Amino acid sequence: MSNAAPSNAPVVVRFAPSPTGYLHIGGARTALFNWLYAKAKGGRFLLRIEDTDRERNSPEAVAAILDGLTWLGLDWDGEPVSQYERADRHREAAEKLLTDGNAYRCYLTQEQLAALREAAEADKRPFRVDSPWRDCDPADAPSDAPFAIRLRAPKDGETVIRDHVQGEVTFANKDLDDLIILRSDGSPTYNLAVVVDDHDMGITHVIRGVDHLTNAARQAQIYSLLGWPVPEWAHVPLIHGPDGAKLSKRHGALGAQAYREMGYLPVAMRNYLVRLGWSHGDDEIISTEQLIEWFDIEAINKAPARFDIHKLEALNGHWIRASGDDELFDSLVHLLPHLADGDAVAKAFAAGAGPKMRALVPAMKERSKTLLDFIDGAKFLWAKRPLELDEKAEKLLDDAARDMIAKLVPNFEHLPNWSAEPLEAKVRDFAEAQNLKLGKVAQPLRAALTGTTVSPPIFDVMAVLGEEETLNRLRDAAR
RNA sequence: GUCCCGUUCGUCUAGUGGUCAGGACGCUAGCCUCUCACGCUGGAAACACGGGUUCGACUCCCGUACGGGACGCCA
């Protein structure tokens with residue numbers, strides 16, 4: 001590529017979402033790839049909001065996208081650029097193309113275009129705009145009719161995209177028609193705006209979804225006619241839903257924030273997302289620091305990947321276990337405002353369950369796949385007496401079990417040190433004396449103290465619940 | 001329809017002409033164990049199909065099938 005930007009220039013990449021909704025998972029991965037590449041190469045990661053379509057612009061969407069990026073830990077350099085605010089500069093470029101003879105005024109109306117399109121379809125011909133105004137004498141142009149400005153794209157030859165992911169992709173120029181660069185209302189269109197902005201922002205590498213590949217060909221033509229060097233391209237494959245179809249809002253294409261609400265950790269999201277299409281040998285669990293060291297666009301493959309929530313969950317479990325206890329508890333507390341029932345939990349935390357939850361974190365992180373599991377698994381902490389028993393617990397606490405608890409309770413009275421170890425010793429002694437296996441005692445205790453048959457280690461539960469609450473719950477269950 | 005791209009266990013992937021085709025998630029049999037997890041040890045599970053090229057193809061070439069993307073005065 002003779003006119004490419006020098007490869008030793010400092011890397012500048014960008015993420016350029018259009019503000020039509022939240023940051024979806026595919027966009028999040030594109031942003032992650034860009035961010036990682038910038039970090040890996042010591043470059044800059046810029047943000048540009050592609051808001052040239054005023055009808056689909058929304059400040060809420062911009063806020064949601066920035067919030068999603070922030071949550072994922074993808075920080076950007078400088079202020080986000082508004083494409084719309086650069087419209088004058090885009091028009092300037094269009095004027096230059098016009099005066100250089102590389103673009104022309106096209107007076108074709110929407111109706112005429114629709115008719116041409118229909119005619120092409122009727123003949124089963126691929127539709128290509130072939131404007132009669134491309135080569136007409138300027139003197140024949142109407143003086144007052146509205147016009148759009150079209151690029152005078154080459155009709156022969158081919159446009160080659162040398163792509164770091166897709167390889168060399170060749171488009172015949174006859175398949176690429178004269179695209180509109182300035183609408184009849186004077187506003188710039190996407191492809192022109194992207195080229196001008198990427199050029200002005202000094203973007204060296206364009207990393208984006210492969211759905212932009214044909215745009216790359218069109219943009220390459222604009223670059224060429226403007227006399228500018230093209231950036232390095234990397235068109236990454238799309239993410240599909242579990243059924244192999246395009247990821248849509250119906251299945252899986254949730255906003256990044258939805259994953260926050262499901263209790264996923266940003267570090268796990270980054271780890272999971274990057275492995276969708278990128279790999280480093282057999283490595284699966286990769287810290288962000290390691291990603292920054294290893295990431296490169298050359299190792300991205302071309303095939304699309306399906307989104308698999310199970311693997312995300314497994315990775316999340318790993319990163320939960322790898323997190324510090326205080327850090328996890330902190331994440332949990334900060335998650336509450338984003339949860340539907342978070343208010344109630346926050347109140348319970350404030351009323352005393354908070355410190356108990358914190359004390360249980362080491363035990364619970366071994367058995368939690370998401371932050372939500374912490375809450376689900378610790379509800380017994382703030383449950384009111386007498387406890388409601390679930391079906392299995394009810395069955396477990398039969399008459400014999402209740403008798404046993406009645407016999408066991410006195411062993412806990414007047415313990416000098418109410419903590420897990422002495423409690424366990426007491427229970428073990430009791431089990432031995434009664435000639436029972438430990439489980440035969442522990443399970444009824446669990447049912448009586450938590451109302452369920454599944455919980456963190458029961459002696460930790462007793463310790464955290466405290467002497468008074470533990471004895472009260474046990475007496476509730478005893479006969 | 002036209003153009004472009006893809007196809008290794010169910011899923012994510014390693015692989016770059018000679019491997020018992022490896023790992024991870026999931027599934028599964030055990031071990032550990034106060035439950036559930038974690039951890040550990042095993043197991044089942046894949047090169048879409050057909051032609052070439054080659055002493056030899058998962059690896060290279062062509063075709064077929066299937067899948068995806070793009071075909072706006074949207075981005």
Side-chain angles (χ1 to χ4, degrees), chain A residues 16-20 50-53 55-56 83 106 108-110 113 117 120-121 123-129 146-150 161 163 165-167 169-172 174-177 179-185 187-191 193-194 209-215 217 235 237-238 240 242 244-246 272 275-285 301-315 317-318 321 363-369 373 377 392 396 424 427-428 431 437-447 450 452-459:
Chain A
S18 57
T20 52
E50 311 242 300
D51 52 0
T52 54
D53 184 356
E55 288 179 15
R56 297 205 298 172
Q83 190 159 64
C106 175
L108 246 25
T109 63
Q110 307 267 19
L113 282 169
R117 191 170 285 119
E121 263 170 48
D123 292 357
K124 297 201 167 167
R125 261 184 303 115
F127 174 66
R128 298 278 119 78
V129 174
F147 59 87
I149 296 184
R150 285 186 187 273
I161 299 299
D163 192 281
V165 174
Q166 302 294 324
V169 185
T170 303
F171 296 88
K174 67 175 172 57
D175 295 327
L176 270 15
D177 54 10
L179 79 168
I180 288 177
I181 53 176
L182 216 57
R183 298 185 185 92
S184 47
D185 68 357
S187 65
T189 59
Y190 170 75
N191 280 300
V194 166
V210 73
D211 50 333
H212 285 285
L213 191 60
T214 44
N215 284 328
H235 288 90
L238 271 19
H240 290 170
K246 188 179 175 182
Y272 177 69
R275 287 286 290 106
L276 248 31
W278 177 86
S279 60
H280 182 270
D282 281 341
D283 294 302
E284 295 286 351
I285 290 168
N301 65 35
K302 294 164 93 168
R306 297 187 191 197
F307 188 86
D308 178 21
I309 195 86
H310 293 296
K311 189 149 181 180
L312 205 210
E313 201 169 272
L315 244 18
H318 168 85
R321 274 171 263 131
M364 292 203 67
K365 71 180 184 183
E366 294 298 323
R367 57 211 85 218
S368 297
K369 295 238 192 306
D373 291 344
K392 284 179 184 166
L396 191 71
E424 177 166 357
V427 173
R428 283 187 185 276
K437 293 187 94 171
L438 184 58
K440 289 291 177 194
V441 183
Q443 275 305 81
L445 272 179
R446 175 167 280 117
T450 70
T452 73
T453 54
V454 176
S455 85
I458 198 61
F459 308 111

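Letters A, B, ... mirror the listed sequences (proteins, then strands); counts begin at 1. Note that the structure is predicted; figures quoted are calculated from it, not measured.
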May I ask you to evaluate whether A:R428 reaches the phosphate of B:C34, defined as a side-chain N or O under 4.0 Å from OP1 or OP2?
yes
Whole-Å distance between [N] [atom2] and [X] [atom1]?
| X | N | atom1 | atom2 | result |
| --- | --- | --- | --- | --- |
| A:F307 | B:G26 | CZ | C1' | 15 Å |
| A:K365 | B:C36 | NZ | P | 22 Å |
| A:D308 | B:A24 | CG | C1' | 11 Å |
| A:I180 | B:C73 | CD1 | P | 5 Å |
| A:I161 | B:G69 | CD1 | P | 20 Å |
| A:D211 | B:G69 | CG | C1' | 7 Å |
| A:D163 | B:C4 | CG | P | 15 Å |
| A:F171 | B:G69 | CZ | P | 15 Å |

Determine whether any donor atom in the side chain of [X] lies under 3.5 Å from an acceptor atom in the base of [N], or the reverse, and answer yes or no.
| X | N | result |
| --- | --- | --- |
| A:N191 | B:A75 | no |
| A:S184 | B:C73 | yes |
| A:K311 | B:C12 | yes |

Heavy atoms under 4.0 Å, any strand shown: does [X] hit a base, just sugar-phosphate, or nothing?
| X | answer |
| --- | --- |
| A:K369 | sugar-phosphate |
| A:T170 | sugar-phosphate |
| A:L445 | nothing |
| A:P456 | base |
| A:L213 | sugar-phosphate |
| A:Y272 | nothing |
| A:H235 | nothing |
| A:T52 | sugar-phosphate |

Can you sort out the partners of A:H280 under ring pair (Phe, Tyr, Trp, His ring centres under 6.0 Å), two or more places apart, ordered by chain and number?
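So A:H280 forms a ring pair (Phe, Tyr, Trp, His ring centres under 6.0 Å) with A:W294.
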Taking ring pair (Phe, Tyr, Trp, His ring centres under 6.0 Å) as the definition, give me every residue that meets it alongside A:F459, ordered by chain and number, with sequence neighbours left out.
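Ring pair (Phe, Tyr, Trp, His ring centres under 6.0 Å) check on A:F459 returns nothing, list empty.
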Report, one pair per line, the protein and nucleotides 39-46 of chain B atoms (nitrogen or oxygen only) whose separation is under 3.5 Å.
| unit_1 | atom_1 | unit_2 | atom_2 | d |
| --- | --- | --- | --- | --- |
| B:G39 | OP1 | A:R321 | NH1 | 3.3 |

Could you give the distance separating [M] and [N] at their [atom1] atoms, to the nearest angstrom?
| N | M | atom1 | result |
| --- | --- | --- | --- |
| B:A44 | B:G30 | C1' | 15 Å |
| B:C71 | B:U54 | P | 43 Å |
| B:U8 | B:G68 | P | 15 Å |
| B:C9 | B:C34 | P | 42 Å |

What does the list of N/O pairs under 3.5 Å between the protein and nucleotides 13-16 of chain B look like, with a distance for each?
| unit_1 | atom_1 | unit_2 | atom_2 | d |
| --- | --- | --- | --- | --- |
| B:U13 | OP1 | A:G277 | N | 2.5 |
| B:U13 | O3' | A:S279 | OG | 3.3 |
| B:A14 | OP1 | A:S279 | OG | 2.8 |

With the sugar-phosphate defined as primed atoms, P, OP1 and OP2, and the base as all remaining atoms, what B/S/- string results for nucleotides 58-63 of chain B, 5' to 3', for protein heavy atoms under 4.0 Å?
------
Applying side-chain hydrogen bond (donor to acceptor under 3.5 Å, both in side chains), name anything that partners A:D282, two or more places apart in sequence or on another chain.
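Listed in chain order: nothing, the list is empty.
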Residue pair A:N191 / A:T189, side-chain donor-acceptor N/O under 3.5 Å:
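No, A:T189 and A:N191 have no side-chain donor paired with an acceptor closer than 3.5 Å.
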Report yes if some heavy atom in the side chain of [X] is under 4.5 Å from a heavy atom in the side chain of [Y]; otherwise report no.
| X | Y | answer |
| --- | --- | --- |
| A:Y272 | A:D308 | yes |
| A:L315 | A:R275 | no |
| A:R428 | A:L438 | yes |

